[in-house]
Amino acid sequence: MNRQQRTPLYTALKHHSLSNPVSFHVPGHKYGTVFTDTGEEDYKRLLHIDVTELSGLDDLHQPESVIAEAQMLAAEFFGVEKTFFLVNGSTSGNLAMIFAVCEENRKVIVQRNCHKSIINGLQLVGAEPIFISPQFDGNVRVASYVSYDAVKETIERYPDAAALVLTNPNYYGMAVDLTEIVKLAHSYGIPVLVDEAHGAHFALGAPFPKTAVACGADLVVQSAHKTLPAMTMGSYLHFNSQLVDEEKVKYFLQVFQSSSPSYPIMASLDLARSYLANLSREDINKISEEIANFKGLLQEIECITVAESTDPVVTTDLLKITVQTRSALSGYQLQSLLEKEGIFIELADPFNLLFVYPLALLKNFAEVSKKIKYALRGVQYDPSYMNISLSYALPPVSQSYSYKKLKNLPKKAVSLENAEGLVAAEMLIPYPPGIPILFIGEIITKEHIELITYLKNSGSRFQGGKLLTFHQLEVFEI
Ligand SMILES: Cc1ncc(COP(=O)(O)O)c(C=O)c1O
């Protein structure tokens, strides 16, 4: 057995479960023996390994044995000083890394198209975000990465920033090599924190994009559950830094994570790392070939096309397949046609459908391809829909007020049409992808209103915007 085939945490858990233990401890389901009849069948096997910090099973917040060993194997594989297992998703990793590095009233340079957890972290800590607008990819029609020049200009203007917070790849798998940006930030003593939620598999190397770890980033958060065979919420935080205090990271991890971390989730992180580490070149080549075939089949369907970035600095993750409408139907409408045939995709936007391919061969490839073709059979080719001038580029942040100043200001509701020029009192987040299109404290522009109206009318789901059903937004009375 090679070292990376070892799964110390899962093995210890399995061993415990097979020892016929009697439970006078939490959780209350007692290895699944106490459960409602409804659901018992589905939960039973898993509940056998759903335990608590028993002898021999270690403690996530003070790891000394099997969890420490599992995290060490992960750190070895990912090529970092330390890997921390996360049981509350990348959300908890993003919050912990921001709290470990940022402080109240300190400026923090942030990529505009980031997940809401980054914004929540900055807001909670009371930092002053300096947003960098991302490039807009004309082919895929989404915000992509921040350019080296944009980062350089911002760092030169704010050389004493507490951190540079990047998101790479974006939701659609578009990634850039961050090496030069990291070098630049480090030359100013600025630590680089990367939300790599969608890139847990990038450690495999080419043909996948380069991981932020290999680019020298200080802290990197990955949602293992998004692209690896790991349970939902299972994520990693990688520490590799001379600039960040490891003790602070550990402290905030136990602040933001449950004191009863799920063993099935942690063990799935142990197994997922082993799965990843033991994928052979041949396995990866086979998966790549199959994905190329899958794209070929999609390309045969007239009413859609596979959209890819042609930006030379972008490498797109193989597992992310963006399909664009070539019909009078929006992405959302095509999504509902697929769902009628039992095909569920990751997300839709006004123009696109996003498929996330498994990191494995698809067992029912032929059947799935047939179903997709069948679902879209009646949709006519009509490329004119793509002439809609709506810019799904995120509007640049026009002006921000400090979170501290806004905290105690009164709020009021205004109709969307009358919101231009007012200051947003709520974040508005289409979910997925979870990237806010309006921040608290941001001045509302005509572009915001146009985008919100379009998304609302075309069936996007929002988090925030509780008054949107009445066509209203909450703003500050300033
Ligand atoms: C870029 C990005 N970061 C962070 C998150 C949060 O990850 P999690 O769901 O693992 O908490 C997401 C979730 O979609 C995301 O897309």
Side-chain angles (χ1 to χ4, degrees), residues 83-99 110-124 129 131-132 134 137 140 142-146 163-176 178 192-202 209 211-213 217 219-238 252-253 255-258 261-262 264-266 268-269 272 316-317 319-320 322 344-349 352 354-356 394 427 429-437 439 460-464:
T83 292
F84 298 99
F85 285 180
L86 306 174
V87 291
N88 297 64
S90 285
T91 296
S92 60
N94 282 344
L95 292 172
M97 75 177 178
I98 284 171
F99 269 74
V110 196
Q111 179 166 342
R112 164 70 173 85
N113 52 333
C114 61
H115 187 255
K116 63 173 186 166
S117 52
I118 299 277
I119 301 298
N120 286 333
L122 294 171
Q123 203 175 324
L124 285 171
F131 291 105
I132 307 185
D137 193 282
V140 186
V142 293
S144 49
Y145 61 96
V146 285
L164 169 63
V165 186
L166 301 173
T167 302
N168 195 58
N170 71 357
Y171 214 107
Y172 297 76
M174 296 150 80
V176 291
L178 298 174
V192 182
L193 320 186
V194 182
D195 176 351
E196 197 175 65
H198 296 267
H201 56 299
F202 288 2
T211 165
V213 165
L219 295 172
V220 179
V221 170
Q222 300 172 333
S223 290
H225 68 93
K226 289 193 195 296
T227 52
L228 308 185
M231 280 183 71
T232 295
M233 295 202 287
S235 302
Y236 302 118
L237 190 160
H238 303 300
F252 284 109
L253 281 175
V255 169
F256 288 114
Q257 298 211 89
S258 170
S262 155
I265 293 178
M266 290 190 284
S268 82
L269 288 170
T316 301
D317 176 10
L319 301 186
K320 295 283 177 83
T322 303
F344 291 86
I345 56 164
E346 175 65 11
L347 67 78
D349 69 34
N352 301 306
L354 178 66
F355 290 67
V356 183
L394 296 164
M427 260 207 282
I429 312 162
Y431 216 101
I435 298 165
I437 52 174
F439 292 135
S460 177
R461 277 187 298 129
F462 284 95
Q463 289 182 355

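Note that the structure is predicted; figures quoted are calculated from it, not measured. Just so you know, ligand 1 is whichever comes first in the structure, and atom 1 is the first atom listed for that ligand.
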*List for me each residue that meets ring-ring contact (aromatic ring centres under 6.0 Å, His included) alongside H238, sequence neighbours excluded, and say none if there are none.*
F78, Y236
*Considering heavy atoms of the protein only, find what lies nearest to atom 12 (C) of ligand 1 and give residue, atom and distance to 0.1 Å.*
H115 CD2, 3.3 Å
_Q222, K226, K320 screened by side-chain hydrogen bond (donor to acceptor under 3.5 Å, both in side chains) with H198, the one that passes_ = K320
*Specify the protein heavy atom at minimum distance from atom 8 (P) of ligand 1: its residue, its atom name, and the distance to 0.1 Å.*
S90 N, 3.4 Å
*Among all protein non-hydrogen atoms, which one is nearest to atom 14 (O) of ligand 1, and what is the separation to 0.1 Å?*
K226 NZ, 2.9 Å
*asked:* Rounded to the nearest 0.5 Å, what separates atom SG in C114 from atom CD1 in I132?
replied: 11.0 Å
_Whether Y431 and H115 hold their rings parallel, tilted or perpendicular, with breakpoints at 30° and 60°_ = perpendicular
*Counting both backbone and side chain atoms, is some N or O of S223 under 3.5 Å from an N or O of ligand 1?*
yes
*asked:* Students should be able to answer this: which protein heavy-atom is nearest to atom 3 (N) of ligand 1, and at what distance?
replied: D195 OD2, 2.5 Å
*Any sub-3.5 Å donor-acceptor pair from N352's side-chain atoms to V140's backbone N or O?*
yes
*What is the distance from atom CG of L347 to atom OG of S460, rounded to the nearest 0.5 Å?*
9.5 Å
*Write out the residue and atom name of the closest protein heavy atom to atom 16 (O) of ligand 1, then the distance separating them to 0.1 Å.*
H198 NE2, 2.7 Å
*Any idea which atoms of ligand 1 are less than 4.0 Å away from a heavy-atom of H225?*
8 (P), 9 (O), 10 (O)
*Test of proximity, T167 against ligand 1: N or O pairs below 3.5 Å*: no
*Under a 4.0 Å heavy-atom limit, does V221 contact ligand 1 with its side chain, its backbone, both, or neither?*
neither
*Tell me: protein heavy atom nearest atom 11 (O) of ligand 1, and distance?*
T91 OG1, 2.6 Å
_Option from V110, V165, I119, I118 for which side chain to side chain contact (heavy atoms under 4.5 Å, CB included) with P129 holds_ = V110
